[in-house]
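On a predicted model such as this, the values are computed, not experimentally measured, just so you know. Below, chains carry the letters A, B, ... as their sequence lines are ordered, and counting in each starts from 1.
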There are 2 protein chains.
Amino acid sequence: MRRPTLHDVAAEAKVSIKTVSRVVNGEDNVSAGVRERVQVAVDKLHYVPNTLARSLKVGLGDTIGVVMDSIADPFFASLTSAVEATALEAGLNVVFGSTGFDHGREREQVDRMVMQQVRGLVLAPVRGDHGYLTRYRERVPTVCVDRSIEIEGYDTVVVDDYGATRHGVEHLIAHGHRRIAFVGGNDRYDTINQRMVGYRDCLEDAGIGVEERLVSHDDAETAQAEDAVLRMLEDNPDVTAVFSANTRASLGVVHGLHRARRTDVAMVSFGDFLLAETLEPGVTAIDHDPVAIGEVATAHLLARLGLGDGPPVPPSQAGERVVVPTRLIERGSGEIEVAR
Amino acid sequence: MRRPTLHDVAAEAKVSIKTVSRVVNGEDNVSAGVRERVQVAVDKLHYVPNTLARSLKVGLGDTIGVVMDSIADPFFASLTSAVEATALEAGLNVVFGSTGFDHGREREQVDRMVMQQVRGLVLAPVRGDHGYLTRYRERVPTVCVDRSIEIEGYDTVVVDDYGATRHGVEHLIAHGHRRIAFVGGNDRYDTINQRMVGYRDCLEDAGIGVEERLVSHDDAETAQAEDAVLRMLEDNPDVTAVFSANTRASLGVVHGLHRARRTDVAMVSFGDFLLAETLEPGVTAIDHDPVAIGEVATAHLLARLGLGDGPPVPPSQAGERVVVPTRLIERGSGEIEVAR
DNA sequence: ATGAAAGCGCTAACAA
DNA sequence: TTGTTAGCGCTTTCAT
């Protein structure tokens, strides 16, 4: 059963295809009688317009693409959800592709989406060469989220990893801590590296200095972070506080502290999570809100597409860097005073 | 700057557009010399094929659609992730649309995707009339996930909400519990209603009987569930165990029990969550694995599209109902014996 | 091995 | 108000 086309509807209603097109698209210059007849034919045949053909003709697709590490990651799930909600208001569909942290797959996904004629792209870039993107610059406005790329000229929406981490570490220092461990690092993530630098600079500037024995590496995942924090506390009994560099690691740190019954150890988590306020004590967290990032990024994209409030922004003007504010949510774990 | 087409490449390479098409599609009947020349032109012009035009001509799109409550919900995020991974292997892109539990929006999303010529659909149906789907039956294979619809003839992949709940409640009974509260209900969700029935039947069959004072209603969200469990324990001091009917509610129940310092109260959660094993005691949970649901559903869809292992399955044969197994993960909270 | 022509379903431009 | 024509970028069919 072939799907009906404008032609079929036109034959059924005994009008020209253009008239059907007018009715379907809600144009007003059609007489009520004809409109009615066409509508009946449309309903009878269950006609559904073919947006592929429409897009081909008009030269503009009706989708935007979202390329992320993994949609299963709650952070990116929320981000994507915000993108979808914002895009929907502008009448755009969302296609999704995950990279699995693989730069080659990122490129494949982007290429596929460009072939699919996406109007624009929201991309959480994997580290690597993004030169391939430049050929699309003029045609497919692209906004990077969460992380930036090594080349100029792309709008980017990030949080201030460095500054927010300094804020978190300062918070611990303000509560008397001097031996602050860093857990949850991973060289693969530029964002986490920024947090590491923030941690180091903050301690240096506070005149405390960094002790490498307190810095754990390559333990960004939950299980690794749990092991790491247990080892850290074992090897360094003088540690009084832990800064966890990412959400997944924080879950492990929480568990580790709990298992070791170290309610005396303070903790600040970079990244908020669902049960953070449910735990006892609540986990003090730096909230980097994926919804805000998604909304801001999509708003930028829509502006570039001329679908925002203002006029379309030409590609030549791209390259803006938006820093979405973070906030430190005090819940108890970060306000534990150092034991005297 | 117009994007280059086959025409442009053909002109550049001084061949016909068909030859370019052959090279781009990797057909073999092209001489090495010409192939080389075309390839150079493709690279020089940064030619990217237009899959919209291709799909229009071929009559088949290259995407499947996923329609869910919300991508921000971890359950559906994982499910969608599994769908994407499976679809990608078959060379299909994924478009995503959320319903926000609104039946009207479900229909809008489905309609949009059909217009976009999706090859197939994975749908978590919102309760309501799905008659509108039948017109697409022949053209767009559709698999329902997590919930079924009121009409026959659609493949459905669900978990055994009823049976799994019975299993969970039996587990509590086996540990001596008789006063088992039910928290986290919500009439809007058929799945949760099934769980409620399972709870009731299980208690009846065990000769315990249902006491309505132990059944809380309309508290499916975290904050509501927390209030509900606190009220429940206050009003009914004889309660020794709680069955939480959904994951979000479980977070509230955990918090509530914690706040009330009721480590003597047993708990089983329908739905696993990230910190379930991190808490003390670990939360015994019925795991309904979204990844399994997503994979099975997509495999079914691909089979219907003729992209699976076997031959394409005609729409007339649709209507299969797959029940993905669940398991009860014992972590401690469900094994608390009743206080004597 | 290569090419010319037709047409997928639609809309823009232009008649009538 | 309604209809005709051309053509979006591609693949298919049928030459050469």
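Distances shorter than 4.0 Å separate some side-chain N or O of A/Asn25 from OP1 or OP2 on C/dT11. Here B/Thr19 reaches the OP1 or OP2 of C/dG3: one of its side-chain N or O atoms lies under 4.0 Å away.
Between B/Thr63 and B/Gln116, the side chains place no donor N or O within less than 3.5 Å of an acceptor N or O (distance only, hydrogens not considered). Using modelled atom types, one finds a donor on one side chain and an acceptor on the other under 3.5 Å when comparing B/Ser98 with A/Glu84. A side-chain N or O of B/Ser16 and one of B/Thr19 form a donor-acceptor pair less than 3.5 Å apart.
Distance CD (B/Gln116) to P (C/dC10): 15 Å, rounded to an integer number of Å. Between B/Asp62 atom CG and C/dC8 atom P the separation is 21 Å, expressed in whole Å. For the pair A/His7 NE2 and C/dG7 P, the computed distance is 11 Å after rounding to whole Å. Following rounding to the nearest Å, A/Lys57 (NZ) and C/dT11 (P) show an atom-to-atom distance of 10 Å.
The environment of NE2 in B/His7 is sparse: at most 12 heavy-atom neighbours from other residues, nucleotides or ligands sit within 6.0 Å. Taking a 6.0 Å sphere around CZ of B/Arg321, one finds it holds 12 or fewer heavy atoms contributed by other residues, nucleotides or ligands. Heavy atoms of other residues, nucleotides or ligands lying less than 6.0 angstrom from CG of B/Asp309 number 12 at most.
Using cut-offs of 30° and 60° for the angle between ring planes, the A/His288 and A/Phe75 rings count as parallel.
Mapping A/Thr51 and B/Ala32 onto DNA chain C via the closest heavy atom, the residue that lands nearer the 5' end is B/Ala32. Nearer to the 5' terminus of DNA chain D, by closest-nucleotide assignment, is the contact made by A/Asp28 (compared with the other of A/Ile17 and A/Asp28).
Atom CD1 of B/Ile149 sits about 4.0 Å away from atom SG of B/Cys144, to the nearest 0.5 Å.
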* Verdict with supporting geometry, A/Asp155 and A/Val322, side-chain contact (heavy atoms from CB on, under 4.5 Å) -> CA-CA 8 Å; A/Asp155 289 329; A/Val322 180; over 6 Å; no
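Using a 4.0 Å heavy-atom criterion, one finds that A/Asn29 contacts the bases of the nucleic acid, with or without backbone contacts as well.
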Anything under 3.5 Å between a protein N or O and an N or O of nucleotides 13-16 of chain C, put it in a table, one pair a line.
none

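Side-chain atoms of B/Val34 lie closest to C/dT2 of the nucleotides C/dT2, C/dC8, C/dC10.
Bracketed by its first and final contacts, the part of DNA chain D lying under 4.0 Å from non-hydrogen atoms of chain A reaches from D/dT1 to D/dG9 in 5' to 3' order.
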